[in-house]
*Asks:* 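If you scroll down you'll find the structure; I have some questions about it.
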Amino acid sequence: MKMFQNVVNESRWWSLLSLVFLCLGFSQASEITFELPDNAKQCFYEDITQGTKCTLEFQVITGGHYDVDCRLEDPDGVVLYKEMKKQYDSFTFTASRDGAYMFCFSNEFSTFTHKTVYFDFQVGEDPPLFPVENRATALTQMESACVSIHEALKSVIDYQTHFRLREAQGRSRAEDLNTRVAYWSIGEAIILLVVSIGQVFLLKSFFSDKRTTTTRVGS
């Protein structure tokens, strides 16, 4: 009997853990990484209901000075957020009305450098793991542990995303620095070669025989 209870408890534990991972997949968020060419502008639209809390986070991963223009408008065209040449930022707002909200990223100020931009647009909050409606009892110890695991996993996902972006940006900076060092080394080699050839010709001119002209003045 005791073994049967242990099997039931273990089965319930794994079922709750499966629910935790399943709920992580139903997060109402849009994460996109896209290329933004020079002199270009890219806009996105999201249908939001009134009273919904939303958060827009973005970061420039590669390109130029790692900056971009960002603009957020409500369905009436009212500007809710506008920043120029930002490397990264986060903005939270509550929808004032129903409709399609537009947020745009612009690289129109750049003439030859394209950018790689990442953004995360979260609409609303995650549904509770265990809804409290029509619930007469408090959460059990197992359910409380699942809620704690759920919150910890969300934090882990956020940290993984943050460090993945940091790693991509750092790799881009390192590759750009490596390219600049390579070009600088080639330039130094060319200059050194030109100077060396010039010194050789200069020293050669010092030891070359020069004809002297003697003028005899008659009386």
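Hydrogens, waters and symmetry mates play no part in the numbers below; they use all other heavy atoms, side chains included.
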*Asks:* Following the transitive rule for hydrophobic clusters with a side-chain heavy-atom cut-off under 4.5 Å over Ile, Leu, Val, Met, Phe, Trp and Tyr, establish whether F34 and F58 coincide in one cluster.
*Replies:*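 As far as the 4.5 Å side-chain criterion goes, F58 and F34 are connected within one cluster.
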*Asks:* What heavy-atom pair brings C54 and F121 nearest, and what distance separates the two atoms?
*Replies:*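 That closest heavy-atom pairing would be CB-CZ, 4.3 Å.
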*Asks:* Rounded at 0.5 Å granularity, tell me how far CG in D69 sits from NZ in K41.
*Replies:*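 D69 CG to K41 NZ: 9.5 Å, rounded to 0.5 Å.
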*Asks:* Tracing side-chain links under 4.5 Å among I, L, V, M, F, W and Y, which residues wind up in one group with I191?
*Replies:*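 Other cluster members: V195.
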*Asks:* Indicate, with yes or no, if V60 and M84 share a hydrophobic cluster defined by side-chain heavy-atom contacts under 4.5 Å among Ile, Leu, Val, Met, Phe, Trp and Tyr.
*Replies:*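 No.
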*Asks:* Could you tell me the separation between the OG atom of S106 and the CD atom of Q42, rounded to the nearest 0.5 Å?
*Replies:*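 Between S106 OG and Q42 CD, I get 11.0 Å after rounding to 0.5 Å.
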*Asks:* Considering residues at least two apart in sequence or located in another chain, which fulfil the side-chain hydrogen bond (donor to acceptor under 3.5 Å, both in side chains) criterion with T49?
*Replies:*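 T49: side-chain hydrogen bond (donor to acceptor under 3.5 Å, both in side chains) contacts with T52.
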*Asks:* Among all residues two or more places apart in sequence or in another chain, which pass the side-chain hydrogen bond (donor to acceptor under 3.5 Å, both in side chains) test with Y118?
*Replies:*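 Expected list: E31.
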*Asks:* Among D38, T62, D67, which one satisfies side chain to side chain donor-acceptor pair (under 3.5 Å) with K115?
*Replies:*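 Only one of D38, T62, D67 forms a side chain to side chain donor-acceptor pair (under 3.5 Å) with K115, namely D67.
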*Asks:* Indicate the atoms forming the closest heavy-atom contact of Q87 with Y66, along with that distance.
*Replies:*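 The answer is CG-O, 2.8 Å.
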*Asks:* Donor-acceptor pair, distance only, cut-off 3.5 Å: does the side chain of S205 make one with the backbone of L202?
*Replies:*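 Judged by distance alone, yes, a pair lies under 3.5 Å.
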*Asks:* Do S90 and L56 touch side chain to side chain, with heavy atoms closer than 4.5 Å?
*Replies:*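 Not touching, per the 4.5 Å side-chain cut-off.
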*Asks:* Check which hydrophobic residues are tied to L177 through side-chain heavy-atom contacts below 4.5 Å, counting indirect links as well, and list them.
*Replies:*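 Besides L177, the hydrophobic cluster comprises V181, listed by chain and residue number.
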*Asks:* Could you pull out the closest heavy-atom pair between N107 and P37, with the gap in Å?
*Replies:*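 That would be ND2-O, 3.2 Å.
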*Asks:* State whether R97 and D76 are salt-bridged, where the test is any N-O pair (Lys NZ or Arg NE/NH1/NH2 against Asp/Glu carboxylate O) under 4.0 Å.
*Replies:*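 The answer is yes: the pair qualifies as a salt bridge.
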*Asks:* Can you tell me how far apart CD (Q59) and OG1 (T33) are? Round to the nearest 0.5 Å.
*Replies:*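 If we round to the nearest 0.5 Å, Q59:CD and T33:OG1 are 10.0 Å apart.
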*Asks:* SG to SG, are C104 and C70 under 2.5 angstrom apart?
*Replies:*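 Cysteines C104 and C70 do not qualify as a disulfide pair, their SG atoms being 2.5 Å or more apart.
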*Asks:* Output, in order, the C-alpha distance, side-chain angles, deciding distance and verdict of side-chain contact (heavy atoms from CB on, under 4.5 Å) for L36 and H114.
*Replies:* CA-CA 6 Å; L36 186 61; H114 75 280; over 6 Å; no
*Asks:* Is K53 close enough and on-axis enough to F93, meaning under 6.0 Å and within 45°, for cation-pi?
*Replies:*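 The answer is no; the distance or angle limit is not met.
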*Asks:* Starting at CD of E57, measure out to CD of Q122 and round the result to the nearest 0.5 Å.
*Replies:*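 CD of Q122 is found 6.0 Å from CD of E57.
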*Asks:* Please report whether the ring centroid of Y81 lies less than 6.0 Å from that of F103.
*Replies:*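 Judged by ring-centre distance (under 6.0 Å), F103 and Y81 do not meet the cut-off.
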*Asks:* Nearest 0.5 Å, what's the OG1-CZ distance between T111 and F109?
*Replies:*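 That separation rounds to 10.5 Å.
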*Asks:* If two hydrophobic side chains count as joined below 4.5 Å and joins carry through other members, does V123 share a cluster with F91?
*Replies:*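 Same hydrophobic cluster.
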*Asks:* side-chain hydrogen bond (donor to acceptor under 3.5 Å, both in side chains) with Y45: which residues, sequence neighbours excluded?
*Replies:*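 Once residues adjacent in sequence are excluded, Y45 has no partner under the side-chain hydrogen bond (donor to acceptor under 3.5 Å, both in side chains) criterion.
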*Asks:* Taking it one step at a time, do Y101 and L80 satisfy side-chain contact (heavy atoms from CB on, under 4.5 Å)?
*Replies:* CA-CA 10 Å; Y101 286 73; L80 303 179; 4.0 Å; yes
*Asks:* Test of understanding: with side-chain hydrogen bond (donor to acceptor under 3.5 Å, both in side chains), list the residues that count as partners of N39, not counting sequence neighbours.
*Replies:*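 Expected list: none.
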*Asks:* Between E175 and R173, does a salt bridge (Lys or Arg N to Asp or Glu O under 4.0 Å) hold up when you go through it step by step?
*Replies:* CA-CA 6 Å; E175 291 175 353; R173 290 180 182 270; over 6 Å; no
*Asks:* Using the rule that two of Ile, Leu, Val, Met, Phe, Trp, Tyr join whenever any of their side-chain heavy atoms come within less than 4.5 Å, decide whether F44 and Y88 are in one cluster.
*Replies:*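 No, F44 and Y88 fall in different hydrophobic clusters.
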*Asks:* To the nearest 0.5 Å, how far apart are OG1 in T116 and CG in L165?
*Replies:*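 Result: 11.5 Å between the selected atoms.
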*Asks:* Honestly curious: do F105 and I61 fall in one hydrophobic cluster under the side-chain, below-4.5 Å linking rule?
*Replies:*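 Different hydrophobic clusters.
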